[in-house]
Amino acid sequence: MAGDAGCGAREWLAVDETAAAFLSRSLSTRPPILLPPPLHRAPLRPGNVVEIAGPSNSGKSQLLLMAAVQCILPKEWEGVYFGGLGKAVMYIDLDCRFDVLRLAQILRKRITQGCAHPPSEDFEKDVSKDKFHSFQDALFSDCMKRFLYVRCYNSSELIAALKSLNSQSEARSKVLGIGIYFLLLDSIGAFYWIDRAPQPTTESKGTTLSFQSITENVVQEIRKFLQLQPVLLLVTKAPTYGEGITTSNDFQRGSSKYVLDDSTASRYSKREEEKNSSCHEYMPSAWQTLVTHRIKLQDLAQEAGLSSEQDNDALSVHTSEWVHPPLNTKEKFYIKDDGVGFIQ
């Protein structure tokens, strides 16, 4: 018996593949995901949790929509290359600001760009104008079938939606042959002040849920789903004003606590306010340990008046900085219908 056990251990420890074969197998199982800039700087794979933090108008939701289009757009459609992933996306909207028209605009722009480079010169000659539009409409409908949208109005609905992720992914896999590949959450701090209310939500069992316990439940459900089906989770997080943080609105209240001279109040700029608030971490440690990557965005549109060479409309300029992993680079970029462009 001892000899048989030793023989089995030696067989288990025997090398059955080279390092190159192991890397090839690992990368084929979970290949790196190509995302639109500036999310392309860090290598991302299924199972990663990416937190996109930044104040309002910094481009967080726009990056989510572009990532969604990259996922639902096929790599190739009837011989035309589009460079997408051809996978399903679930978009969980927590702040009720999802713009379906903006999603359709970005998707149609990507389809138009792909059709601008046909597989052959005879493609446009053989296809009439009506068939060309029907080709684009058919591709648009096929892409939107892979986009799943869920709206939650409180943390209880969010937890319930997370509990049903696996069943929804299996149902989608039976219909389309593919499961959920991207999970987009916008935004994680939407119910922060509601969950921090003096009277927490009372469950039917007589127990109360604090903000800490609610976040732990959310993290637990996300971990369960990632174990059953590894997906890429992209989450936006807007800053919130915590205790000890003074904002520019405090100077306008007229209270004696914030009475300052005009010169002092004017020196407290909006830029300093957003910088202080964005650095304040309000999510519990359970959420911070879940996040594997973190990128911080800022809005510079009011400071940099950059205009496009093609039109006279002002571009919205932002900055991106990878906090985890730290890349020690801060890049300027702008967002338009045809994608993201960097500013040197």
Side-chain angles (χ1 to χ4, degrees), residues 39 48-64 91-98 151-162 183-202 208-223 226 233-253 257-258 268-299 318-326 330:
L39 301 176
N48 293 147
V49 179
V50 184
E51 181 184 273
I52 308 173
S56 179
N57 297 326
S58 61
K60 303 185 301 297
S61 298
Q62 296 297 320
L63 291 183
L64 283 190
Y91 192 106
I92 302 180
D93 185 16
L94 302 184
D95 54 10
C96 299
R97 294 183 180 180
F98 173 73
R151 176 179 292 181
C152 301
Y153 294 95
N154 52 57
S155 295
S156 299
E157 293 184 1
L158 172 60
I159 295 175
L162 294 175
L183 179 61
L184 311 180
L185 196 60
D186 189 21
S187 78
I188 190 59
F191 309 129
Y192 173 77
W193 291 113
I194 298 178
D195 297 334
R196 286 286 304 272
Q199 296 180 356
T201 304
T202 303
T208 58
L209 293 178
S210 62
F211 176 67
Q212 174 77 23
S213 60
I214 291 176
T215 305
E216 291 176 354
N217 289 339
V218 170
V219 171
Q220 182 181 6
E221 295 302 328
I222 292 177
R223 290 188 185 276
L226 292 180
L233 175 58
L234 300 176
V235 185
T236 63
K237 187 184 74 173
T240 184
Y241 300 117
E243 298 179 359
I245 295 181
T246 306
T247 68
S248 58
N249 294 332
D250 296 330
F251 297 111
Q252 303 174 2
R253 294 175 183 173
K257 180 179 180 180
Y258 300 105
Y268 198 95
S269 63
K270 184 178 180 180
R271 181 182 178 183
E272 295 172 345
E273 170 187 332
E274 292 180 350
K275 181 178 179 181
N276 293 335
S277 62
S278 61
C279 295
H280 175 70
E281 181 59 67
Y282 59 90
M283 293 300 294
S285 59
W287 172 259
Q288 298 179 37
T289 56
L290 176 69
V291 175
T292 60
H293 297 73
R294 182 177 288 107
I295 183 174
K296 184 173 66 174
L297 306 180
Q298 289 288 343
D299 180 26
H318 314 278
T319 62
S320 63
E321 181 181 5
W322 280 96
V323 180
H324 183 71
K330 195 171 186 179

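Closest approach of H324 and T292 over heavy atoms only: CD2-O, 2.8 Å. Closest of all the heavy-atom pairs between F211 and M283 is CZ-SD, 4.0 Å.
Partners of Q288 under the side chain to side chain contact (heavy atoms under 4.5 Å, CB included) rule, at least two apart in sequence or in another chain, are E281. Scored by the side chain to side chain contact (heavy atoms under 4.5 Å, CB included) test, N217 finds I159, L209, Q220 as partners (sequence neighbours excluded). Scanning for side chain to side chain contact (heavy atoms under 4.5 Å, CB included) contacts around A161 gives V150, C152, with sequence neighbours left out. Checked against side chain to side chain contact (heavy atoms under 4.5 Å, CB included), R151 has the following partners two or more places apart in sequence or in another chain: D93, C96, Y149, Y153. Listed by chain and number, the residues in a side chain to side chain donor-acceptor pair (under 3.5 Å) with W287 are E51 (sequence neighbours excluded). Taking the side chain to side chain donor-acceptor pair (under 3.5 Å) definition, one finds that S187 meets it with nothing, sequence neighbours left out. In this structure, T319 has no side chain to side chain donor-acceptor pair (under 3.5 Å) partners at least two apart in sequence or on a different chain. Taking the side chain to side chain donor-acceptor pair (under 3.5 Å) definition, one finds that S320 meets it with nothing, sequence neighbours left out.
S58 places no side-chain N or O within 3.5 Å of a backbone atom of D299 that could act as its donor or acceptor partner.
In this structure, K237 is not positioned above the aromatic face of Y192 in the sense of NZ or CZ being under 6.0 Å from the six-membered ring centre and within 45° of the axis.
Among residues at least two apart or in separate chains, there is no salt bridge (charged side-chain N to carboxylate O under 4.0 Å, His left out) pair with a member in residues 209-220.
The aromatic rings of F98 and Y91 lie tilted to each other, with the angle between the two planes from 30° to 60°.
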